[in-house]
Novice: 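This structure is in structure tokens; I'll ask about it shortly.
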Number of protein chains: 2
Amino acid sequence: MNLPEGKDKFLQSWGAFGSSWGVNRTMAQIHALLMIAPQALSADDIMEELKISRGNANMNLRALIDWGLVFKELKAGERKEFFVAEKDMWKVVKNIIIQRKKKELEPMLKVLDELSSVEGTDPEAEEFVRMIKEIKLFSSKADSTLDTLVKADSNWFVGTFMKMIK
Amino acid sequence: MNLPEGKDKFLQSWGAFGSSWGVNRTMAQIHALLMIAPQALSADDIMEELKISRGNANMNLRALIDWGLVFKELKAGERKEFFVAEKDMWKVVKNIIIQRKKKELEPMLKVLDELSSVEGTDPEAEEFVRMIKEIKLFSSKADSTLDTLVKADSNWFVGTFMKMIK
DNA sequence: ATGTACTTTCAGGAAATTTTGAAACTATTG
DNA sequence: CAATAGTTTCAAAATTTCCTGAAAGTACAT
């Protein structure tokens, strides 16, 4: 396979992958494009390669920066901004975990906590509280496991984790 | 908080949670409803509680059954079908991992494999192949870690895993 | 302080996803 | 086998999400 074909296939696949996990398809594609780029790209480069508007490029680049997956790079003598992706996969995944944990898992834990105090003695209320508590227990464990995972160092997952769980 | 309020809040939250992870909001809500139900519910029960059409209820119930998160239950003397949810959270998560690994992670691995044979000696092709290989390495590790996780028994995650990674 | 080169914002339009509901289908009953 | 009770399918409608592009904003250079 040659480069243009391969590149296109990667952009499509990474976009579809992101999309199926609730990440905007274009955001994932910009991320893909920057990950495989040998140097920093400008907004115009990205707009051209992905055939998207300036507004779209800008909004998704900001989001990627928020997630810690992309960095702004200023070139001496150039007024425009360039962008580079984080290329260490462990850092990429770690940042994604941090963000999604904060935005999705933690709010859910808070809700589960409130719900475990629902009153009632009928079977429906009892089963409700029982199940909420089961979900909360599991979610808390997942939450602290992710905390531990995120605190571990770069090489830990790739090296040690595999052996430990064998 | 009383039961109707709590129930509603749970259905909304679980729906939003699923939605942010790329799962159809209604599918997540049906799942939530069945998880907290003390007995099996019929399609009509679900349609009424969630105010959704028969077609919608039916399609999402089939999907939940495919995922191994809901089971059909036939009551003696009743012609209609009833549905119960898997209530063991470890089994729920395990089944979700199995499905998403198969439908999303594995196809991605296959693509990465094809892409690592892209030809070229220019910096762009070299960086492309280098990065694809880095992503593939990481993804393969994640894939086998999930395999191991899924083979582990019900109580393992909740009990042992936490201590091991400390 | 005016011009230039960019970045940001966001209302409205486009596209993708989800939902509906009615017709077709299936299985059971009398 | 006709009627009944339920399930499934899917084209069209409704909704949600995403994208565009032009106007406003920012900052640097002259």
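Values below: every heavy atom of this structure, side chains too, minus hydrogens, waters and symmetry copies. Chain identifiers are assigned alphabetically (A, B, ...) following the order of the sequence lines, protein sequences preceding nucleic acid strands; residue numbering begins at 1 within each chain.
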Novice: Kindly indicate whether the side chain of B/K94, heavy atoms from C-beta on, has any atom under 4.5 Å from the side chain of B/I97.
Specialist: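 They are not in contact (no side-chain heavy atoms under 4.5 Å apart), so the answer is no.
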Novice: Do the side chains of B/M35 and B/H31 get nearer than 4.5 Å, heavy atoms only?
Specialist: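 They are in side-chain contact.
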Novice: Once you round it to whole Å, what is the distance between P of D/dT16 and CE of B/M27?
Specialist: 20 Å
Novice: Looking at A/W21, does the NZ or CZ of A/R100 lie under 6.0 angstrom from its six-membered ring centre and within 45 degrees of the ring axis?
Specialist: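 Pair A/R100/A/W21 does not count as cation-pi.
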Novice: Please report, rounded to the nearest Å, how far the P atom of C/dT7 is from the CG atom of A/L61.
Specialist: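 The answer, rounded to whole Å, is 10 Å.
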Novice: Any salt bridge linking A/R62 with A/E81? Criterion: basic side-chain nitrogen under 4.0 Å from a carboxylate oxygen.
Specialist: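 Salt bridge: yes.
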Novice: Would you kindly give the CD-to-P distance between A/Q29 and D/dC19, to the nearest whole Å?
Specialist: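 About 9 Å, once rounded to whole Å.
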Novice: Can you tell me if the side-chain N/O atoms of B/T26 get under 4.0 Å from OP1 or OP2 in C/dT18?
Specialist: no
Novice: How many whole angstroms separate atom CG of A/N60 from atom C1' of D/dC19?
Specialist: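 The answer, rounded to whole Å, is 9 Å.
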Novice: Base, sugar-phosphate or nothing for B/R62? Non-hydrogen atoms, less than 4.0 Å.
Specialist: sugar-phosphate
Novice: Expressed in angstrom and rounded to an integer, what is the separation of B/N58 atom CG from D/dT8 atom P?
Specialist: 4 Å
Novice: Tell me the interatomic distance from B/K51, atom NZ, to C/dT20, atom P, rounded to whole angstroms.
Specialist: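 From B/K51 NZ to C/dT20 P: 12 Å.
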